[in-house]
Enquirer: 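Encoded as structure tokens, here's the structure I'll be asking about.
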Amino acid sequence: MAVELKTIGNSGQISLGKEHAGKPVLVEQLEDGVWLIKTALVIPENELWLHEAPHKSKLDKAIAWAESHPPAPSDIDHIERKLRRR
């Protein structure tokens, strides 16, 4: 792990390098003058329900099914005949 000296600018910012530009991070202040910075994945609030039970397991099952069943061309005429029989 490399140690590098950085200076906090007048606006309170510090640069971590262009390779990290735009990435969300968690900044935890462990004590005065000590910070722990970790990259993070952010889930939008309105999508959080997808990662909670019971939706997550249903979504995982649907994704597994989709991965094991590749798309096939649709026969529109066949579908139309089936619908008309109902």
Side-chain angles (χ1 to χ4, degrees):
M1 189 180 322
V3 175
E4 204 174 324
L5 179 64
K6 299 281 186 169
T7 301
I8 300 174
N10 293 336
S11 65
Q13 296 179 340
I14 185 170
S15 174
L16 299 176
K18 289 187 179 194
E19 67 271 19
H20 303 292
K23 291 182 182 177
V25 295
L26 297 172
V27 179
E28 182 181 354
Q29 185 166 0
L30 303 176
E31 59 183 74
D32 192 33
V34 179
W35 298 277
L36 176 62
I37 302 172
K38 298 186 246 182
T39 57
L41 294 176
V42 178
I43 300 171
E45 239 179 55
N46 68 341
E47 295 177 13
L48 190 57
W49 65 275
L50 292 168
H51 301 273
E52 297 172 345
H55 312 291
K56 184 179 180 343
S57 62
K58 290 179 181 180
L59 187 57
D60 290 343
K61 184 177 177 183
I63 291 171
W65 182 91
E67 289 174 343
S68 65
H69 293 81
S74 297
D75 182 348
I76 300 299
D77 294 330
H78 176 73
I79 294 170
E80 185 179 6
R81 284 192 300 274
K82 280 179 70 174
L83 289 173
R84 288 180 188 227
R85 280 187 242 151
R86 292 182 181 190

Enquirer: So, do Ile79 and Leu83 sit near enough that their side-chain heavy atoms are less than 4.5 Å apart?
Expert: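 Yes - at least one pair of side-chain heavy atoms lies under 4.5 Å apart.
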Enquirer: Counting only heavy atoms not in Arg84, do more than 12 sit closer than 6.0 Å to its CZ atom?
Expert: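 No, CZ of Arg84 has 12 or fewer neighbouring heavy atoms, counting only those of other groups under 6.0 Å.
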Enquirer: ring-ring contact (aromatic ring centres under 6.0 Å, His included): which pairs involve residues 62-86, sequence neighbours left out?
Expert: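 For residues 62-86, and leaving out neighbouring residues, the ring-ring contact (aromatic ring centres under 6.0 Å, His included) pairs sorted by first residue read Trp65-His69.
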Enquirer: The criterion is side-chain hydrogen bond (donor to acceptor under 3.5 Å, both in side chains); which residues satisfy it with Glu52, sequence neighbours excluded?
Expert: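 Once residues adjacent in sequence are excluded, Glu52 has no partner under the side-chain hydrogen bond (donor to acceptor under 3.5 Å, both in side chains) criterion.
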Enquirer: Quick one: side-chain hydrogen bond (donor to acceptor under 3.5 Å, both in side chains) partners of Trp49, sequence neighbours excluded?
Expert: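 Residues passing side-chain hydrogen bond (donor to acceptor under 3.5 Å, both in side chains) with Trp49: none at all.
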Enquirer: Please report the interatomic distance NE2(His20) to NZ(Lys18), rounded to the nearest 0.5 Å.
Expert: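 Between His20 NE2 and Lys18 NZ, I get 13.5 Å after rounding to 0.5 Å.
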Enquirer: Listed by chain and number, what are the salt bridge (Lys or Arg N to Asp or Glu O under 4.0 Å) partners of Asp60, not counting sequence neighbours?
Expert: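 Asp60: salt bridge (Lys or Arg N to Asp or Glu O under 4.0 Å) contacts with Lys56.
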Enquirer: Got a second to check how far Ile14's CD1 is from Thr7's OG1, nearest 0.5 Å?
Expert: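 Reported to 0.5 Å precision, the distance equals 7.5 Å.
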Enquirer: Can you establish whether the number of heavy atoms outside Glu45 located under 6.0 Å from its atom CD is more than 12?
Expert: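 It does not: Glu45 CD has 12 such atoms or fewer within range.
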Enquirer: Pairs in or reaching into residues 33-43: which pass salt bridge (Lys or Arg N to Asp or Glu O under 4.0 Å), with residues at least two apart or in two chains?
Expert: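 Residue pairs passing salt bridge (Lys or Arg N to Asp or Glu O under 4.0 Å), neighbours aside: none found.
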Enquirer: Between CG of Asp75 and CZ of Arg81, what distance do you get to the nearest 0.5 Å?
Expert: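 Rounded to the nearest 0.5 Å, the CG-CZ separation comes to 6.0 Å.
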Enquirer: Nearest 0.5 angstrom please: Lys58 NZ to Leu50 CG, how far?
Expert: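 Between atom NZ of Lys58 and atom CG of Leu50 there are 12.0 Å.
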Enquirer: Of all the heavy-atom pairs spanning Ser57 and Pro54, show the shortest one and how long it is.
Expert: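 Closest pair (atom of Ser57, atom of Pro54, distance): OG-O, 3.0 Å.
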Enquirer: Mind checking who shares a hydrophobic cluster with Val27, ILVMFWY linked at side-chain heavy-atom distances under 4.5 Å?
Expert: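 Besides Val27, the hydrophobic cluster comprises Ile8, Leu16, Val25, Trp35, Ile37, listed by chain and residue number.
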